[in-house]
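Just so it is clear, the values below take in all heavy atoms, side chains as well, and ignore hydrogens, waters and symmetry mates.
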Amino acid sequence: MAIVTEFLARFQALPEILAATPILAIGLTLGAFFAGNWLFSRMGRPLWLPPVVLSALLLAGVIAVLAVDYQSYQQGARWLTVLLGPATVALGIPLYQQMHHIRAMWRPILVTLPIAATMAAVYAVVIGWALGASPEVLASLAPKSVTAPIAIGITEQLGGSVPLMMGGLLITGVVATLFVDLLARVLPVTDERILGFALGLNGHAIGTARAFEISHTAGAFASLGMGLTGVFTALILPLVFRL
């Protein structure tokens, strides 16, 4: 009987022990990721509900049910956050493979990128300012169209909230991907290079994932749009935001 009691006591203390290490955060994150992708496939791969949203909802629910301290989870998940940088850099491979297409369209890219990247930040800040948002909220909304590794650095530099920025990043990626697909059908736009560039520029990593589902060419241009938007925003936004 004493052995059973001791076992139950150790089992009940297991979440606290795991929470003190990165194991719990990494396990929950990876489990939610695989479960979200499985649900996404079972639901027929709906465009309006990408797997990253399903994974995020599952993860949030599990954290709430298990009463895991968010700060502890965030600290443990930093091990995975570190991988965001190398994952973004690895997108240079499809860029290299499609370099001949990129050279052919350097003029349209050079013209559209500054305008689109600027508007992506401006309209969010203007809407937030008109609704009376605080400077911290505005700083969190400004880099919402930038890929996460770069957006985190921009948000910290501007004095914003990283969790709030990540929420805006998720919503922006989903909405941008949905509207780019819808507008492409209405206009219609069939050039995979244009579709990919628009998805990467507006929908960052989520849009890029969608672009690779279209074709490797669309994925390469989405990687280009996402990367250039991140670099342009990182250079310009901190200077303009202070004004």
Side-chain angles (χ1 to χ4, degrees), residues 29-60 80-81 83-105 108-109 112-113 116-117 120 143-151 166-231 233:
T29 304
L30 293 178
F33 171 77
F34 288 115
N37 278 275
W38 180 81
L39 285 174
F40 180 67
S41 298
R42 296 287 293 179
M43 295 172 64
R45 309 178 72 85
L47 182 62
W48 54 273
L49 190 61
V52 65
V53 176
L54 291 170
S55 300
L57 293 174
L58 289 172
L59 180 59
L80 293 174
T81 306
L83 299 177
L84 289 173
T88 303
V89 173
L91 292 173
I93 296 175
L95 285 180
Y96 175 77
Q97 294 172 338
Q98 300 293 329
M99 188 59 67
H100 56 292
H101 287 305
I102 295 173
R103 289 197 188 99
M105 294 190 66
I109 291 172
T112 57
L113 176 75
K144 63 169 185 52
S145 294
V146 181
T147 184
I150 302 176
M166 293 299 289
L169 210 69
L170 182 62
I171 295 172
T172 299
V174 174
V175 174
T177 301
L178 178 62
F179 274 87
V180 168
D181 274 78
L182 291 176
L183 289 175
R185 298 172 187 175
V186 172
L187 290 178
V189 178
T190 57
D191 193 323
E192 294 177 349
R193 298 171 298 177
I194 297 175
L195 290 175
F197 192 70
L199 284 167
L201 196 154
N202 295 283
H204 49 83
I206 297 177
T208 302
R210 168 58 185 159
F212 274 106
E213 293 179 0
I214 299 174
S215 70
H216 288 292
T217 300
F221 273 82
S223 302
L224 178 66
M226 180 178 66
L228 291 179
T229 301
V231 173
T233 307

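Side chain of S41 to backbone of N37: a donor-acceptor contact under 3.5 angstrom is found. No donor-acceptor distance shorter than 3.5 angstrom exists from the side chain of K144 to the backbone of A151, with no hydrogens or angles considered. The backbone N or O of L169 lies less than 3.5 Å from a partner atom in the side chain of H204, making a donor-acceptor pair.
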Practice prompt. Kindly indicate, with the supporting measurements, whether the criterion side chain to side chain contact (heavy atoms under 4.5 Å, CB included) is fulfilled by L170 and V53.
Written response: CA-CA 7 Å; L170 182 62; V53 176; 4.1 Å; yes

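One finds the CZ atom of F197 at 12.0 Å from the CE atom of M226 (value rounded to the nearest 0.5 Å). Note that the CE atom of M105 and the NE2 atom of H100 stand 12.5 Å from one another [nearest 0.5 Å]. Rounding to the nearest 0.5 Å gives a distance of 13.5 Å between CZ of F34 and CG of L58. Atom CD1 of residue I206 and atom CG of residue L178 lie 12.0 Å apart, to the nearest 0.5 angstrom. Note that the CZ atom of F221 and the CD1 atom of I109 stand 5.0 Å from one another [nearest 0.5 Å]. A distance of 9.0 Å separates CD in E213 from CG in D181, rounded to the nearest 0.5 Å.
The two residues T208 and G200 make their nearest non-hydrogen contact at OG1-CA, 4.0 Å. Of all the heavy atoms in L54 and F40, the pair that sits closest is CD1-N, 3.7 Å. Between T29 and L59, the closest heavy-atom pair is N-CD1, 4.1 Å. Of all heavy-atom pairs spanning L195 and V180, the tightest one is O-CG1, 4.3 Å. S145 and T229 make their closest contact through O-CG2, 4.0 Å (heavy atoms, listed as atom of the first residue, atom of the second, distance). The shortest non-hydrogen separation linking G168 to T172 is O-OG1, 2.7 Å.
Among residues two or more places apart in sequence or in another chain, the side chain to side chain donor-acceptor pair (under 3.5 Å) test is passed with S55 by none.
At least one side-chain heavy atom of I102 sits under 4.5 Å from a side-chain heavy atom of L224. Counting heavy atoms from C-beta on, the side chains of N202 and T177 never come closer than 4.5 Å. Residues F212 and S223 meet the side-chain proximity criterion, which asks for heavy atoms closer than 4.5 Å. The shortest side-chain heavy-atom distance between L49 and V174 does not fall under the 4.5 Å cut-off.
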